[in-house]
Amino acid sequence: MELKFGSLLRFTTPTILLLFLLSCYTFTSTEAYDALDPNGNITIKWDVITWTPDGYVAVVTMFNFQQYRHIQAPGWTLGWTWAKKEVIWSMMGAQTTEQGDCSRFKGNIPHCCKKDPTVVDLLPGTPYNQQIANCCKGGVINSWAQDPTNAASSFQVSVGAAGTTNKTVRVPKNFTLRAPGPGYTCGPAKIVKPTKFVTQDGRRVTQAMMTWNITCTYSQFLAQKTPTCCVSLSSFYNDTIVPCPTCTCGCQNNITQPGSCVNPDSPYLASVVSERGKSNSFAPLVQCTTHMCPIRVHWHVKLNYKDYWRVKVTITNFNYRMNYTQWNLVVQHPNFDNLTELFSFNYKPLNPYQNINDTAMLWGVKFYNDLLMQAGPLGNVQSELLFRKDKNTFTFDKGWGFPRRIYFNGDNCVMPPPDAYPYLPNSSLRQNVSLLMLLITLLTSLAINFACV
């Protein structure tokens with residue numbers, strides 16, 4: 001059958017457009033899936049501990065089951081919508097941000113009467129009679145792999161105008177979690193088997209009257225419109241320093257958007273930075289650079305030995321508005337299965353692909369470098385990694401010595417393009433002669449020969 005070009009064009013144009021739209025949809029819908037932490041989530045467990053004359057008392061606990069993504073200051077904010085006309089009589093370990101309209105109550109006034117309350121954690125130093133276990137950390141929750149003992153946060157809530165039995169209670173809906181900004185999407189509450197509690201002496205087990213769970217997952221695509229970190233590369237065998245790609249996290253535009261970045265030599269730097277405490281904005285105030293990222297991770301292939309090779313990793317903070325506490329770095333490289341020694345960082349292998357040990361989680365040593373200071377002379381941390389060579393796989397050719405991907409605080413950092421990686425001087429695969437140059441040379445040679453004739 002003969003198919004004319006016009007009919008083929010009419011057929012392929014809508015098809016190509018459809019495939020493009022589908023590919024875009026696929027990209028955005030899979031942003032919430034993290035290949036290095038496929039089971040990571042925050043699970044909220046709501047345990048009804050006891051019944052009251054008009055409702056119940058519950059303990060709400062948030063478990064951070066994410067391997068390397070934590071909730072940093074100013075902490076989490078949890079919200080939901082009541083199914084009926086419930087009110088909150090009192091709370092311990094947390095508080096609502098607004099009381100709402102409680103004018104219909106006489107005498108005892110509830111803690112919150114809003115249909116959609118918003119709850120925040122209490123600060124450290126809260127009086128003991130207002131605390132419960134795992135509360136009062138300012139909303140900060142560490143990651144599961146980095147500090148599992150501090151990977152949970154709890155509060156107690158006394159709910160009124162609610163059901164007083166398992167059949168009359170209605171679970172809240174429309175849960176939202178900000179940590180501290182957007183990024184998390186929470187599913188509906190699901191009633192599960194009541195939680196069982198073991199006493200401290202281990203001799204008695206009690207259980208909740210009723211329990212429901214809410215699962216929240218993170219998406220970097222929802223959290224911010226632009227990346228938050230980038231990677232630069234260098235090596236001992238090449239003088240080229242590959243910087244972060246230009247405009248990775250934004251472009252310098254102080255003409256149309258004044259204040260988008262700060263020059264470190266500016267006389268107004270101190271006054272601008274001092275304003276950070278008066279603003280509730282989470283937007284970073286970054287140092288003016290070509291990449292405009294708050295965080296840059298530099299990977300330097302430093303030395304080559306007979307049986308080993310050494311890498312230096314430097315993390316630099318360009319954000320004047322943020323001190324990164326309990327920071328962490330996740331690096332994927334095939335030689336992490338032979339990591340011999342690590343200096344001044346903690347290390348834990350992550351095995352998202354079971355038997356393949358190519359992913360490492362790195363973080364600072366407590367009280368030494370676990371705090372990445374704001375932009376400035378002290379705004380960096382660094383370490384060196386010593387790898388043992390595997391003769392079957394080791395090579396410096398084709399950029400093998402550089403990481404496959406890097407995450408900072410759970411966000412994927414932008415890598416330079418592979419063709420920009422530092423290459424071996426004797427590499428035959430990387431020639432600085434293009435096809436155009438060869439063509440020009442050939443034409444020039446022909447022109448000279450023709451002139452001589």
Can you tell me how far apart [atom1] ([X]) and [atom2] ([Y]) are? Round to the nearest 0.5 Å.
X: L122; Y: C135; atom1: CG; atom2: SG; value: 6.0 Å
X: L303; Y: K312; atom1: CG; atom2: NZ; value: 11.0 Å
X: T240; Y: Y237; atom1: OG1; atom2: OH; value: 10.5 Å
X: N380; Y: T316; atom1: CG; atom2: OG1; value: 5.0 Å
X: K137; Y: S154; atom1: NZ; atom2: OG; value: 7.5 Å
X: N317; Y: R296; atom1: CG; atom2: CZ; value: 11.5 Å

Proximity of Y421 and F396 rings by center, below 6.0 Å: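 Centroid separation for Y421 and F396: 6.0 Å or greater.
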Please confirm whether W400 and F394 have ring centers closer than 6.0 angstrom.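 Close enough - the centres of the two rings lie under 6.0 Å apart.
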How close do [X] and [Y] get, counting heavy atoms only, and between which atoms?
X: M322; Y: A73; result: CE-O, 4.4 Å
X: L233; Y: H298; result: C-CE1, 3.7 Å
X: W80; Y: L78; result: CZ3-CD2, 4.0 Å
X: S234; Y: H300; result: OG-ND1, 2.7 Å
X: T96; Y: V119; result: CG2-CG2, 4.0 Å

Is it the case that [X] and [Y] place a side-chain donor and acceptor less than 3.5 Å from each other?
X: T246; Y: H291; value: no
X: H111; Y: S90; value: no
X: Y68; Y: D34; value: yes
X: T43; Y: N213; value: no
X: T81; Y: D116; value: no
X: T395; Y: D397; value: no
X: W76; Y: S153; value: yes

Any side-chain heavy-atom pair of I42 and Y218 under 4.5 Å: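 A side-chain contact is absent here, since even the closest heavy-atom pair is not under 4.5 Å.
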Does the side chain of R321 come within less than 4.5 Å of P284's, by heavy atoms?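 With C-beta onward as the side chain, the pair stays apart.
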Under 4.0 Å between a side-chain nitrogen and a carboxylate oxygen: does that hold for E384 and R310?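 Salt bridge between E384 and R310, a charged N being under 4.0 Å from a carboxylate O: yes.
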Under-2.5 Å SG separation for cysteines C249, C293: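 Yes, the SG atoms sit under 2.5 Å apart.
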For the cysteine pair C230 and C244, state whether the SG atoms are less than 2.5 angstrom apart.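 Cysteines C230 and C244 qualify as a disulfide pair, their SG atoms being under 2.5 Å apart.
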Qualifying residues under salt bridge (Lys or Arg N to Asp or Glu O under 4.0 Å), relative to D390, sequence neighbours excluded: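 So D390 forms no salt bridge (Lys or Arg N to Asp or Glu O under 4.0 Å) with any residue.
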Residue among N328, D147, T325, N64 satisfying side-chain hydrogen bond (donor to acceptor under 3.5 Å, both in side chains) with N142: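 It is D147, the one option of N328, D147, T325, N64 that forms the side-chain hydrogen bond (donor to acceptor under 3.5 Å, both in side chains) with N142.
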Whether W299 and H333 hold their rings parallel, tilted or perpendicular, with breakpoints at 30° and 60°: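 The arrangement is parallel - the two ring planes meet at less than 30°.
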Output a table of donor-acceptor pairs, distance under 3.5 Å, between side-chain atoms of residues 358-367 and any protein atom two or more places apart or on a different chain; print 'none' if there are none.
unit_1: D358; atom_1: OD2; unit_2: Q332; atom_2: NE2; d: 3.4

